[in-house]
S.K.: 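Here you go, one structure.
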Amino acid sequence: METVISMQGVCKQYGKGERAVAALKDVTFSVTAGEMVAILGPSGSGKSTLMNLLGCLDTPTKGSYRLAGRPVEEMSEGHLSALRNRYIGFVFQSFHLLPQLTAMENVELPLLYRGIPERRRREMAADSLRQVGLGDRLHHRPAQLSGGQQQRVAIARAIVGAPPMLLADEPTGNLDTASGQEIMQLLRQLHAAGHTVVLITHDPRIGAACPRRVIIEDGCLREE
């Protein structure tokens with residue numbers, strides 16, 4: 001199986017000298033295509049730093065990170081932006097939907113940045129929304145949707161370009177228990193359909209829903 005994520009001896013340090021803080025320490029971690037992995041840890045454990053590195057929003061201070069075989073630490077910001085757009089589908093705790101746009105228009109955005117023609121964008125966005133059970137909500141704006149439905153729109157946006165990896169940061173954090181369970185069920189369905197899913201959470205109950213769990217503590221990673 002193809003390796004989607006490969007980290008070797010990754011460290012991330014903020015500041016210099018006596019004020020230096022080691023947020024990640026010698027992290028070696030890999031994810032193969034088709035896996036569903038939960039990264040579990042409390043606040044301050046290094047989860048956010050690791051998510052920023054996995055999502056190509058930051059680069060390591062030391063070590064090597066390859067995403068789909070591409071060496072992230074050697075890339076310019078422009079190349080990192082292009083890599084994020086094509087290889088990572090992001091799902092955030094706060095949804096990050098544009099309130100003035102419809103569900104379909106929000107889902108279209110990653111395709112717009114790729115230069116895909118309008119008619120094809122709309123077809124792909126509508127299909128993606130149908131996959132998450134929102135085929136009857138294409139023209140609703142975020143304020144007209146429940147929290148769970150908004151997160152489904154965010155997941156539809158994440159999968160619309162068929163990226164190798166879905167990176168979900170506390171995807172149930174702003175939802176009630178029932179909606180959170182529905183979102184986890186949807187993520188499991190996407191995994192069963194072949195998507196690679198990396199989920200970052202502090203909640204052991206969410207982690208328990210994933211086939212593989214990795215623990216992060218004080219910037220160090222270990223398998224459960």
Side-chain angles (χ1 to χ4, degrees), residues 2-14 23-24 27 29-33 35 37 39 46-125 127-129 132 142 150-171 173 187 190 195-200:
E2 178 191 2
T3 299
V4 178
I5 289 172
S6 177
M7 284 188 162
Q8 297 291 327
V10 165
C11 300
K12 184 63 183 180
Q13 179 178 299
Y14 296 104
L24 291 179
V27 169
F29 174 59
S30 63
V31 176
T32 56
E35 277 198 280
V37 185
I39 299 173
K47 291 198 314 297
S48 295
T49 300
L50 181 58
M51 195 219 74
N52 287 339
L53 293 183
L54 290 173
C56 300
L57 300 168
D58 202 353
T59 54
T61 305
K62 181 182 177 183
S64 170
Y65 173 34
R66 288 179 175 266
L67 174 63
R70 289 157 176 79
V72 170
E73 64 275 5
E74 298 175 6
M75 293 185 177
S76 67
E77 182 51 47
H79 284 116
L80 286 173
S81 179
L83 190 68
R84 286 193 298 269
N85 182 265
R86 290 188 176 273
Y87 286 90
I88 305 170
F90 289 96
V91 181
F92 297 103
Q93 177 176 342
S94 299
F95 318 140
H96 292 316
L97 301 177
L98 297 181
Q100 71 274 24
L101 301 183
T102 65
M104 190 159 69
E105 288 166 342
N106 268 286
V107 173
E108 280 183 59
L109 284 176
L111 307 177
L112 177 65
Y113 298 141
R114 291 192 194 182
I116 293 175
E118 181 179 4
R119 182 173 179 179
R120 179 59 181 150
R121 287 200 313 267
R122 292 184 174 180
E123 290 173 351
M124 293 171 69
D127 183 61
S128 188
L129 284 162
V132 301
Q150 290 183 59
Q151 192 60 297
R152 286 175 180 268
V153 174
I155 292 172
R157 180 182 59 196
I159 66 175
V160 70
M165 177 175 72
L166 299 183
L167 182 57
D169 182 24
E170 301 282 6
L187 290 172
L190 290 170
H195 289 272
T196 304
V197 181
V198 178
L199 190 152
I200 296 173

S.K.: Is the shortest side-chain heavy-atom distance between Leu199 and Pro171 below 4.5 Å?
M.R.: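 Yes, side chains in contact.
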S.K.: Is a side-chain donor or acceptor of Glu2 paired with a backbone partner of Ala68 at a separation under 3.5 angstrom?
M.R.: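 Checked: no pair found.
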S.K.: Taking all non-hydrogen atoms of both residues, which atom of Ile116 and which atom of Met124 are closest, and how far apart?
M.R.: CD1-SD, 4.3 Å
S.K.: Report the C-alpha distance between Thr196 and Val37 in whole Å, list the side-chain angles of each, state the deciding distance to 0.1 Å, and finish with yes or no for side chain to side chain contact (heavy atoms under 4.5 Å, CB included).
M.R.: CA-CA 8 Å; Thr196 304; Val37 185; over 6 Å; no
S.K.: Go through the steps to decide whether Leu53 and Val27 satisfy the test side chain to side chain contact (heavy atoms under 4.5 Å, CB included), and finish with yes or no.
M.R.: CA-CA 11 Å; Leu53 293 183; Val27 169; over 6 Å; no
S.K.: Taking the side chain from Ser128 and the backbone from Ala156, do they hold a donor-acceptor pair closer than 3.5 Å?
M.R.: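 Yes; judged by distance alone, with no hydrogens or angles, the pair exists.
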S.K.: Any non-hydrogen side-chain atom of Tyr87 less than 4.5 Å from a side-chain atom of Arg70?
M.R.: yes
S.K.: Is the closest basic N to carboxylate O distance between Arg66 and Glu74 below 4.0 Å?
M.R.: no
S.K.: Which value, rounded to the nearest 0.5 Å, describes the distance between Phe29 atom CZ and Leu50 atom CG?
M.R.: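 Interatomic distance, Phe29 CZ to Leu50 CG, rounded to 0.5 Å: 7.0 Å.
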S.K.: From Thr102 OG1 over to Leu97 CG, what is the distance, rounded to the nearest 0.5 angstrom?
M.R.: 10.5 Å
S.K.: Give, for atom CD1 of Ile155 and atom CZ of Phe90, the distance between the pair rounded to the nearest 0.5 Å.
M.R.: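 That separation rounds to 15.0 Å.
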S.K.: Is a side-chain donor or acceptor of Arg84 paired with a backbone partner of Cys56 at a separation under 3.5 angstrom?
M.R.: yes
S.K.: Using salt bridge (charged side-chain N to carboxylate O under 4.0 Å, His left out) as the criterion, list what pairs up with Asp169, not counting sequence neighbours.
M.R.: none
S.K.: Only distances under 3.5 Å count here; give the side-chain donor-acceptor pairs of residues 3-12 to other protein atoms, sequence neighbours excluded, each with its distance to 0.1 Å.
M.R.:
unit_1, atom_1, unit_2, atom_2, d
Lys12, NZ, Asp58, OD1, 3.2
Lys12, NZ, Asp58, OD2, 3.4
Lys12, NZ, Thr59, O, 2.9

S.K.: Got Ile39 and Leu54 here, is their nearest side-chain heavy-atom distance under 4.5 Å?
M.R.: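 In short, these two side chains touch, coming nearer than 4.5 Å.
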S.K.: Atom CG in Leu67, atom CG in Leu83: separation rounded to 0.5 Å?
M.R.: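 Interatomic distance, Leu67 CG to Leu83 CG, rounded to 0.5 Å: 5.0 Å.
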S.K.: Report yes if the side chains of Leu24 and Thr61 come closer than 4.5 Å at any heavy-atom pair, otherwise no.
M.R.: no
S.K.: Donor-acceptor check, side chain of Arg157 to backbone of Asn106, threshold 3.5 angstrom: yes or no?
M.R.: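 No; zero donor-acceptor contacts below 3.5 Å.
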S.K.: Which heavy atom in Tyr65 sits nearest to a heavy atom in Pro60, and how many Å separate them?
M.R.: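 Nearest pair, atom of Tyr65 first, then Pro60: CB-CG, 4.3 Å.
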S.K.: Please determine whether the number of non-hydrogen atoms from other residues, nucleotides or ligands lying under 6.0 Å from atom NE2 of His96 exceeds 12.
M.R.: yes
S.K.: Any chance you could measure Met51, atom CE, to Leu167, atom CG, to the nearest 0.5 Å?
M.R.: 6.0 Å
S.K.: Is it true that atom OH of Tyr113 has more than 12 heavy atoms of other residues, nucleotides or ligands lying nearer than 6.0 Å?
M.R.: no
S.K.: Looking at CE of Met75 and CD of Glu73, how far apart are the two atoms once the value is rounded to the nearest 0.5 Å?
M.R.: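 Going from CE on Met75 over to CD on Glu73, the span is 9.0 Å.
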S.K.: So Glu108 and Val160, side chain to side chain contact (heavy atoms under 4.5 Å, CB included) or not? Walk me through it.
M.R.: CA-CA 8 Å; Glu108 280 183 59; Val160 70; over 6 Å; no
S.K.: Taking C-beta and beyond as the side chain, do His195 and Leu187 meet within less than 4.5 Å on heavy atoms?
M.R.: no
